[in-house]
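What follows is one structure encoded as structure tokens, with my remarks underneath.
Note that ligands are numbered from 1 as they come in the structure, with each ligand's atoms numbered from 1 the same way. If you're wondering where the values come from, they're calculated on a predicted model, not measured in any experiment.
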Amino acid sequence: MVDFVVYGRGSFDQLDEIITPHRKPSLPMVFLVDHFFANENGKWLTDRIPAKNNDRIIFANVTLEPKTSYVDKLAADLKAEFGSVSGIVGIGGGSTMDLAKAVSLMMNNEGSSADYQGWDLVKKPGVYKVGIPTLSGTGAEVSRTCVLTGPTKKLGMNSDFTPFDQIVLDPTLTSNAPHNQRFYTGMDCYIHCIESLEGTYLNEFSKSYGEKALELCRKVFVQKNEWDDECDDQLMMASYAGGMSIAYSQVGVAHAVSYGLSYLLGTKHGIGNCIVMNHLEDYYPAAVKEFKQMVEKNQIEIPVGLCANLSEEQFDTMINVSIGMKPLWENALGKDWEKIITRSKLRALFEKF
Ligand code: NAD
Ligand code: ZN
């Protein structure tokens, strides 16, 4: 779990005070910032980053979701220039936060980040790392994974060393995100809750957090008619609680299938989950009904026709990636999941997108 959590509107301005005790003589603090904030529009945030001396602000290119090759390059460049760093502060959406976690780990672990895609393969703790979300929903701020696309798979570096040492949850940082993006990332949280609460791995810990997160998602996307400050506050806490819920359970069908889509087509996590959830009546009937109501109420158009012209080989790739997510299927469908979810069933599902 994350050791230190600060929450509150404007809490971003405590960052200097928070990181100062973790500065090491002559080693820089690295601020890995979502490239969305690289231009004039982002100055309201970047001007408040407490960079000093040889600190470095690096804008993370998150046009594509994080790749192991990008993580390796960022870590190798920092090692070549400084030897080591005092810490990595990731400021951005789930992609930037995952990059920050992965780069922190790769500062102290040998080889390529691709070697550590899996469960409990990371050998040593990373450098001090801080996560500061500018989008709410992924739960990347609390999770023990950082999802990476590698040469052969899309899978996180899941380990006890992966969670941030500190997070700063300041809902004002999410306030001017585009409506669609806010919905897609917010639905990631909603789907985490459904998959956790309806999964076989559920226990009282994950249930307590999942129920609270689901309640907050409903306040934001079902009950509210217009976006306001309270929505930012509530969705940030929903993301945190949703992340805590899956930390002690697992995600399920929507994620397993959406990983296949994103591996082959590069479909982004939030939107991919929405595309899949739209067709999961057989697995989560009540939630899919509610999901469709939220899509309509929030006037979102879910893309269609993604798989219209794919080859046999491409369908096979998606099915392989998806069916490889064993813990997700087991959580969703129980120990006998392989008897329930067949390749032909998955193929029929992919054909709907
Ligand atoms: P994202 O980080 O991919 O960002 C989406 C877009 O929004 C980007 O173009 C980004 O530049 C922009 N953006 C970020 N903050 C903004 C702001 N305040 N205003 C306007 N634009 C902003 O989106 P996401 O949905 O937060 O994260 C998805 C990523 O998180 C995927 O890579 C996924 O694999 C990962 N993820 C990780 C976990 C985990 O537990 N580690 C869980 C779920 C998802
Ligand atoms: Zn997710």
Side-chain angles (χ1 to χ4, degrees), residues 2 12 32-39 41-42 44-46 59-68 70-71 90-102 105 117 129 131-150 153-159 162-164 167 170-196 213 232 235-236 238-240 242-247 250-259 261-263 266-274 276-277 325 328:
V2 176
F12 183 65
L32 192 59
V33 184
D34 192 302
H35 68 168
F36 174 78
F37 298 101
N39 60 22
N41 296 336
W44 62 272
L45 183 137
T46 50
F59 289 104
N61 184 344
V62 293
T63 317
L64 301 174
E65 292 189 347
K67 287 192 183 340
T68 52
Y70 189 35
V71 170
I91 306 172
S95 296
T96 306
M97 288 192 282
D98 277 359
L99 271 175
K101 292 195 227 180
L105 293 172
Q117 287 182 278
K129 50 184 169 330
I132 308 181
T134 64
L135 288 172
S136 294
T138 63
E141 63 277 20
V142 286
S143 73
R144 85 190 273 284
T145 187
C146 48
V147 184
L148 301 176
T149 305
K153 53 193 161 198
K154 181 170 180 181
L155 188 58
M157 296 163 78
N158 296 260
S159 84
T162 308
F164 286 114
I167 55 176
D170 180 348
T172 64
L173 304 187
T174 66
S175 62
N176 55 2
H179 177 65
N180 272 11
Q181 184 63 56
R182 230 163 13 197
F183 184 83
Y184 295 138
T185 305
M187 280 304 111
D188 191 21
C189 178
Y190 176 83
I191 295 169
H192 290 162
C193 296
I194 300 302
E195 292 179 323
S196 174
D232 286 314
L235 196 55
M236 191 157 269
S239 177
Y240 176 89
M244 290 295 281
S245 179
I246 44 173
Q250 196 29 289
V251 285
V253 180
H255 277 74
V257 177
S258 136
Y259 273 120
L261 270 186
S262 72
Y263 184 81
T267 315
K268 291 217 156 190
H269 187 79
I271 197 165
N273 283 349
C274 287
V276 178
M277 190 67 177
M325 311 301 295
L328 282 63

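At a cut-off of 2.8 Å, H255 is counted among the residues with an N, O or S atom near the Zn ion (ligand 2).
Rounding to the nearest 0.5 Å gives a distance of 9.5 Å between NZ of K154 and NZ of K67.
For the residue pair E65/H269, the side-chain donor-acceptor check at 3.5 Å is not satisfied. Side-chain atoms of S258 and N273 form a donor-acceptor pair, as typed in the model, at a separation below 3.5 Å. Using modelled atom types and a 3.5 Å distance limit, the side chains of S175 and D232 yield no donor-acceptor pair. A donor-acceptor contact closer than 3.5 angstrom links the side chains of K101 and S143.
For atom 18 (N) of ligand 1, the nearest protein heavy atom (residue, atom name, distance) is T134 O, 2.9 Å. What sits closest to atom 4 (O) of ligand 1 on the protein, heavy atoms only, is L135 CD1, 3.6 Å. In this structure, atom 25 (O) of ligand 1 lies nearest to the protein heavy atom T185 OG1, 2.8 Å. The shortest contact between atom 8 (C) of ligand 1 and any protein heavy atom is with V62 CG2, 4.0 Å. Protein heavy atom at the shortest distance from atom 37 (C) of ligand 1 is D98 OD2, 3.0 Å. Remark: minimum distance from atom 33 (C) of ligand 1 to any protein heavy atom is reached at H269 CB, 3.6 Å.
Short contacts between ligand 1 and H35, defined as distances under 4.0 Å to a heavy atom of the residue, involve ligand atoms 11 (O). The ligand atoms of ligand 1 that sit less than 4.0 angstrom from a heavy atom of L173 are 18 (N). The contact set between ligand 1 and Q181, taken as ligand atoms under 4.0 Å from a residue heavy atom, comprises 5 (C), 6 (C), 7 (O), 23 (O), 25 (O). Atoms of ligand 1 found under 4.0 Å from any heavy atom of K268 (numbered from 1 in listed order, with element): 3 (O). The contact set between ligand 1 and S143, taken as ligand atoms under 4.0 Å from a residue heavy atom, comprises 39 (C), 40 (O), 41 (N). Close contacts of ligand 1 with P66, meaning ligand atoms under 4.0 Å from a residue heavy atom, involve 32 (O). Close approach of ligand 1 to P178 is summarised as follows: ligand atoms under 4.0 Å from at least one heavy atom of the residue are 20 (C), 21 (N). Counting the atoms of ligand 1 from 1 in the order shown, those under 4.0 Å from a heavy atom of G94 are 2 (O), 24 (P), 26 (O), 27 (O), 29 (C), 30 (O).
For a threshold of 3.5 Å applied to N or O pairs, the pair formed by N176 and ligand 1 contains no separation below that value.
Rounding to the nearest 10°, we obtain 170° for the angle at the Zn ion (ligand 2) between H192 NE2 and H269 NE2.
Side-chain contact between L99 and V71 is present, with heavy atoms from C-beta onward closer than 4.5 Å. Counting heavy atoms from C-beta outward, F36 and V62 have side chains that stay 4.5 Å or more apart. Between I91 and T134 there is a side-chain heavy-atom pair separated by less than 4.5 Å. For the pair Y70 and N61, the minimum side-chain heavy-atom distance is below 4.5 Å.
In this comparison of D188, D34, T145, the heavy atom closest to atom 10 (C) of ligand 1 sits on D34. For atom 34 (O) of ligand 1, the nearest non-hydrogen atom from the set T138, V251, V147 belongs to V147. In this structure, of C146, A102, A60, S95, the residue bringing a heavy atom nearest to atom 2 (O) of ligand 1 is S95. For atom 22 (C) of ligand 1, the candidate residues are F36, Y259, F37; the nearest heavy-atom contact is made by F36.
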Between W44 and L173, does a side-chain contact (heavy atoms from CB on, under 4.5 Å) hold up when you go through it step by step?
-> CA-CA 10 Å; W44 62 272; L173 304 187; 3.9 Å; yes
E141/S239 under side-chain contact (heavy atoms from CB on, under 4.5 Å): CA gap, chis, key distance, verdict | CA-CA 8 Å; E141 63 277 20; S239 177; 2.6 Å; yes
Determine, stepwise, if the pair T138 / T185 fulfils side-chain contact (heavy atoms from CB on, under 4.5 Å).
-> CA-CA 6 Å; T138 63; T185 305; 4.0 Å; yes
Report the C-alpha separation of Q117 and L148 in whole Å, then their side-chain angles, then the decisive distance to 0.1 Å, and conclude whether the side-chain contact (heavy atoms from CB on, under 4.5 Å) test is met.
-> CA-CA 8 Å; Q117 287 182 278; L148 301 176; 4.2 Å; yes
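Within D188, the N, O or S atom lying nearest to the Zn ion (ligand 2) carries the name OD1.
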